[in-house]
Amino acid sequence: MSLLEIKNLHVEIDGKKILNGLDLTVNAGEVHAIMGPNGSGKSTLAYVLAGKADYEVTDGQVLFDGEDVLAMEPDERAAKGVFLAFQYPIEIPGVATMTFLRTALNAQRKKRGEAELTTPEFMKRVREASGKLSISQDMLRRAVNVGFSGGEKKRNEILQMALLEPRLAVLDETDSGLDIDALKIVADGVNRLRSPERATIVITHYQRLLDYIVPDIVHVLSKGRIVKTGGKELALELEASGYAQFQEAPVAAE
Amino acid sequence: MPAVQETVDQVRRIDVDQYKYGFETTISSEKAPKGLSEDTVRFISAKKDEPAWMLEWRLDAYRRWLTMREPQWARVKYGPIDYQDAYYYSAPTNFKAPKSLDDIDPEILKTYEKLGIPLREREALLGIVREPVEGEEGEAPRNRVAVDAVFDSVSVATTFKEELKRAGVIFMPISEALREHPELVRKYLGTVVPVSDNFFATLNAAVFSDGSFVYVPPGVRCPMELSTYFRINEKNTGQFERTLIIADKGAYVSYLEGCTAPTRDENQLHAAVVELIALDDAEIKYSTIQNWYPGDANGKGGVYNFVTKRGDCRGANSKISWTQLETGSAITWKYPSCILRGDGSRGEFYSIAISNGHQQVDSGTKMLHLGKNTTSRIISKGIAAGHSQNTYRGLVSSHRKAKGARNFTNCDSLLIGNKCGAHTVPYIEAKNSSTVFEHEATTSKISEDMLFYCRQRGLTAEEATALVVNGFVKDVLQQLPMEFAVEAQKLISVSLEGSVG
Amino acid sequence: MAELTLMKNAAEQQLAAEWTAAKAKLPGAAPLRAAAFETFAKAGLPHRRVEEWKYTDLRALMREAKPLAVRPDAAAFATLGETDAGLGDLDARRIVIADGYLAPGWTDLNESDPGITIVELMAWLGEADLFRLNSIPDAARKDIAVSLNTAFMTGGVVIHVRKDACIERPIHLAHVFSGKTAAAIYPRSIVIVEPGARLMLIESHEGPDGIDYQANTALQIFAGDGAHVDHVKVTREGDTALHISSLMADVGAHARFNTFGYTTGGGVVRNQLFLRFGGEGTVANIRGATLLKGRQHADTTLVVDHAAAGCQSREVFKSVLDDESRGIFQGKIVVRPGAQKTDAKMASHALMLSDEAEADNKPELEIFADDVQCGHGATAGDLDEDLLFYLRARGIPSAEAEALLIQAFVGEAIEGVEHAGLREALIEAVQAWLKARG
């Protein structure tokens with residue numbers, strides 16, 4: 001059984017069609033890249049997988065581990081192992097990052113019937129993961145994403161991913177706004193999580209990130225459908241020739 | 001904030017009615033005859049064995065009260081209150097001032113145990129030292145807290161009396177203080193909240209039965225937090241406590257009150273008066289966790305909380321700070337205020353007011369700048385959910401002679417759901433040009449994006465709401481004494497139960 | 001406190017006597033007038049225990065009621081033609097309303113512009129039904145000043161702008177008190193701007209110093225869907241005059257509504273604004289600047305009623321208070337149930353130039369919808385010493401430095417006036433006020 005199966009997915013927002021019969025199958029152990037021009041539906045796909053409100057699924061099916069994901073609340077999906085690294089991570093004033101991490105981790109563990117982590121064990125994990133991502137203790141004491149730079153926000157997303165150890169990570173334009181050093185740190189973080197049990201979907205506009213997170217399969221998304229699928233060389237091809245070939249007419253913004 | 005998870009668990013354990021303090025204690029009690037008359041006032045005064053001047057003071061208040069009307073200006077609605085259909089005095093039977101905790105009715109002790117209030121000195125002495133958590137702020141080993149517990153109309157126990165006495169601090173029920181320190185009580189009682197200040201304060205002056213009295217002598221820093229827990233138990237009983245705290249020159253005291261009541265269908269009246277007096281260089285920090293029964297999901301029952309709290313910064317460079325967490329009561333009508341009389345004095349008001357169900361809150365503060373170079377700060381966080389109405393009402397004023405008066409006010413409101421209302425009514429009156437007043441207020445909805453972000457990380461809608469709200473009120477929460485911050489966080493989450501989804 | 005039954009004071013008794021004497025002669029709308037007077041008779045003049053009048057105790061400030069002004073004669077009207085309200089050579093179509101009466105024989109029915117008709121209020125009242133007169137926002141309905149205006153109104157104009165018409169030249173309603181002895185005047189005008197139409201309206205009020213006349217003026221504006229209305233009110237009444245004005249506006253969907261009030265004159269001034277946004281997607285700028293000296297008292301009381309979803313309003317009010325003057329701002333933003341996506345921000349700032357001055361500020365939010373962004377900010381204080389020092393260190397004399405800073409402070413509110421000529425005229429007026437201050 002595949003880890004993720006998306007069949008004929010149609011999604012509208014405010015009556016506007018964004019996804020038009022999207023099919024995608026991701027097996028455990030794979031890294032998929034989804035590329036496409038602005039407005040092709042990339043972020044919509046990420047949000048629908050995570051369960052954001054206002055996205056209306058008008059047709060199709062999404063199975064995660066054989067279960068109907070669309071029927072689940074966002075937190076149930078998270079506990080099953082679906083993780084979204086947000087393109088624009090949200091600021092939560094007054095809530096310390098450390099508190100947030102622990103609350104999230106224990107909420108998921110509890111839903112899965114696992115014991116909560118002890119404080120020393122939790123602290124150990126955070127220290128390890130944050131060290132590798134060059135995240136300072138000071139940042140962890142600050143409120144979630146408040147006053148963080150663009151790069152710090154993205155690293156904070158990867159830190160959460162490292163701690164939550166999802167089975168499917170969806171990275172939505174995680175490379176946007178990162179300089180090359182930050183990009184490497186983030187990519188290393190993602191690569192460390194690669195394993196035969198897990199899968200990753202990397203959503204990106206540019207090929208650059210894929211130099212560091214090498215995908216097994218590359219898809220081109222245009223006007224709400226996968227229009228081409230290939231190996232990692234497809235990304236290089238796109239870099240050279242652009243998306244024009246997949247875009248006969250201008251498409252509305254995402 | 002590990003409280004979030006615990007909290008949600010705790011909420012789950014609470015039955016339909018969410019209110020965890022809704023149990024009733026069965027003990028026999030002695031009551032004054034029902035209703036209010038000069039006889040009731042005399043009865044209470046006699047029970048307390050009060051000096052003659054005190055009875056006269058009460059009777060004067062009662063006669064003035066008869067000529068007064070309930071204030072109508074607040075944004076709260078309620079049916080007429082029948083002042084003759086309530087008991088104004090209720091005490092556990094055969095109640096004598098206890099010499100030790102062994103003298104106290106075990107049922108009452110059990111009640112306080114259920115409420116999580118350590119009355120037994122032994123227990124309190126041991127303290128509950130919690131493991132400090134790395135990376136978490138605001139958590140430290142629990143300090144010792146001296147507790148005065150008021151059960152219906154009488155104070156049942158005061159802990160740590162001896163140790164406080166050694167420091168020269170007087171902390172005892174006000175009824176006892178009237179007997180043991182009449183000169184002190186007489187000197188200060190009614191000097192901040194005059195007898196006929198307002199309808200409810202005047203009623204309190206006539207019939208108050210107990211409350212706490214604190215005097216901290218010059219230069220003394222009170223060695224521990226002082227705390228009073230109020231509990232209304234009896235049916236149809238109003239609670240009218242009166243608290244008087246005096247910090248003499250250079251003294252410091254931190255005081256906390258907590259309040260609960262059983263679940264009842266009828267409305268219960270609570271009309272308290274609190275007077276604080278800070279002399280030169282003294283500081284009083286007064287914190288409240290108000291969790292009176294708020295009524296059921298349909299707005300039936302609940303406590304009517306009409307409270308007058310006022311602090312007088314009488315001396316130069318004195319400071320009074322009010323911190324309140326208001327989650328309970330069907331109606332809250334309360335405006336803890338500061339009279340900034342002494343030059344260089346400072347007033348602070350930090351407030352979290354959460355309303356859910358059919359609760360109505362009309363609360364805020366007054367900062368009256370009379371002395372030179374006086375400063376004040378107001379931080380108010382209102383959260384309205386369910387069908388509730390939540391109003392901030394505040395006054396900041398500077399007198400002609402209050403040169404260099406400064407105020408900063410920030411009041412933010414958060415709305416959860418579209419059946420509730422959040423209102424802000426500030427009065428800002430500057431009467432000299434060296435005044436600098438700044439005021440800002442915002443009202444907004446709880447952010448869907450924040451909630452979704454939290455839920456994507458595995459938090460349920462309830463947990464996510466509690467987390468975001470705790471973040472919203474953090475500035476104020478930090479002002480609570482550490483010992484109570486965690487309890488406060490839990491209470492916030494409990495009171496938001498049922499507001500989402 | 002026992003129920004207070006106030007004895008009628010002299011002013012209230014005089015108003016009652018005026019009413020008895022005048023009611024039969026007042027033109028038109030008799031039932032409406034009677035009902036309005038009844039509202040007053042029951043409540044009396046507003047006093048400090050009436051929340052909306054907390055800072056302007058009319059009962060105390062209006063010791064007596066002046067007799068109703070009589071219509072000026074033609075000669076008097078002729079001499080008033082040049083009234084410019086201190087706005088200089090502003091190019092506008094000027095309509096003079098003296099002592100509450102429109103010049104005799106005035107009519108502009110279809111004469112100069114097919115998009116607009118202007119008729120005398122009472123002439124119009126004769127033919128039209130009364131629903132417009134009676135169609136006033138809730139907050140104004142129980143207001144005593146509005147009731148008194150309705151009871152005693154003597155005249156004014158009805159301006160009607162047709163659908164989609166764009167009136168290029170501003171209309172200037174120039175109100176003047178022309179009498180030699182104190183009297184009471186009650187002008188009332190109605191402006192109907194139909195959907196998609198555009199109008200710039202200036203309203204001015206002036207009179208001689210030293211006469212304690214009483215002006216109670218009311219203006220109703222109905223802005224249809226997609227209309228664009230700019231309104232500017234200039235208040236420069238005589239130094240002992242009592243001036244009460246009530247602007248009542250009902251604004252439709254996707255409209256633009258801008259109003260700016262400039263107040264420097266009058267012994268006691270009360271500017272009331274009752275604005276209702278009844279259609280979605282309207283954008284409004286509501287501003288004011290008040291400059292007071294001596295013992296002047298000016299109160300701006302504003303109710304912005306967001307009754308429909310998705311409207312945006314910005315309120316900016318500035319007051320400059322010298323000597324023993326008293327400036328008051330009460331602003332209430334109401335967001336009704338269902339008025340989601342309301343975006344309302346209100347700012348009120350008082351600059352105190354003298355230790356004897358007083359600034360009272362009451363910015364209120366009353367919110368019954370959750371998906372809103374609302375806020376207010378208020379400050380009171382004197383000129384920034386650091387800024388003053390900086391200017392003086394650059395060689396600018398103290399008085400000039402103060403004037404510069406005051407002008408900048410007031411300028412923020414004036415900026416909102418879209419008409420360039422008018423904006424400049426207002427800036428000049430501020431400069432003149434500062435110059436007179438010395």
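Every chain is numbered from 1, with letters handed out A, B, ... down the list of sequences.
Smallest separation of non-hydrogen atoms from B/G458 and A/A107: O-CB, 3.5 Å. The shortest non-hydrogen separation linking B/L459 to A/A104 is CD1-CA, 3.5 Å.
Ranked by heavy-atom pairs shorter than 4.5 Å toward chain B, the options A/A78, A/A53, A/P74, A/G51 are led by A/P74. The candidate with the highest count of non-hydrogen atom pairs below 4.5 Å against chain B, out of A/I92, A/L164, A/V144, is A/I92.
Using a distance-only test at 3.5 Å, with no hydrogens or angles considered, a donor-acceptor pair links the side chain of B/Q456 to the main chain of A/V82. Within the 3.5 Å criterion, the main-chain N or O of A/V95 finds no donor-acceptor partner in the side chain of B/K474. Using a distance-only test at 3.5 Å, with no hydrogens or angles considered, a donor-acceptor pair links the side chain of A/Q108 to the main chain of B/R457.
We find the CG-CD1 distance between B/L451 and A/I90 to be 10.5 Å, quoted to the nearest 0.5 Å. One finds the CG atom of B/D449 at 11.5 Å from the CD atom of A/E91 (value rounded to the nearest 0.5 Å). In this structure, A/T99 OG1 and B/N470 CG are separated by 9.5 Å, a value rounded to the nearest 0.5 Å.
Dense packing is recorded around NZ of A/K111, with more than 12 heavy atoms of other residues, nucleotides or ligands lying under 6.0 Å away. Atom OH of A/Y88 has 12 or fewer neighbouring heavy atoms from other residues, nucleotides or ligands inside a 6.0 Å radius. Within a 6.0 Å sphere centred on CG of A/D14, other residues, nucleotides and ligands contribute 12 heavy atoms or fewer.
Between B/F452 and A/Y47, the ring planes lie perpendicular to each other; the angle is over 60°, past the 30° to 60° tilted range.
Residues A/P93 and B/M450 are in side-chain contact: their nearest non-hydrogen atoms beyond the backbone lie under 4.5 Å apart.
Neither the backbone nor the side chain of A/D138 comes within less than 4.5 Å of any heavy atom of chain B. For a residue to count as touching a neighbouring chain, one of its non-hydrogen atoms must lie under 4.5 Å from one of that chain's; by this rule A/P89 touches chain B with backbone and side chain alike. For a residue to count as touching a neighbouring chain, one of its non-hydrogen atoms must lie under 4.5 Å from one of that chain's; by this rule B/F472 touches chain A with the backbone only. For A/K52, the parts sitting under 4.5 Å from any heavy atom of chain B are the backbone and the side chain alike.
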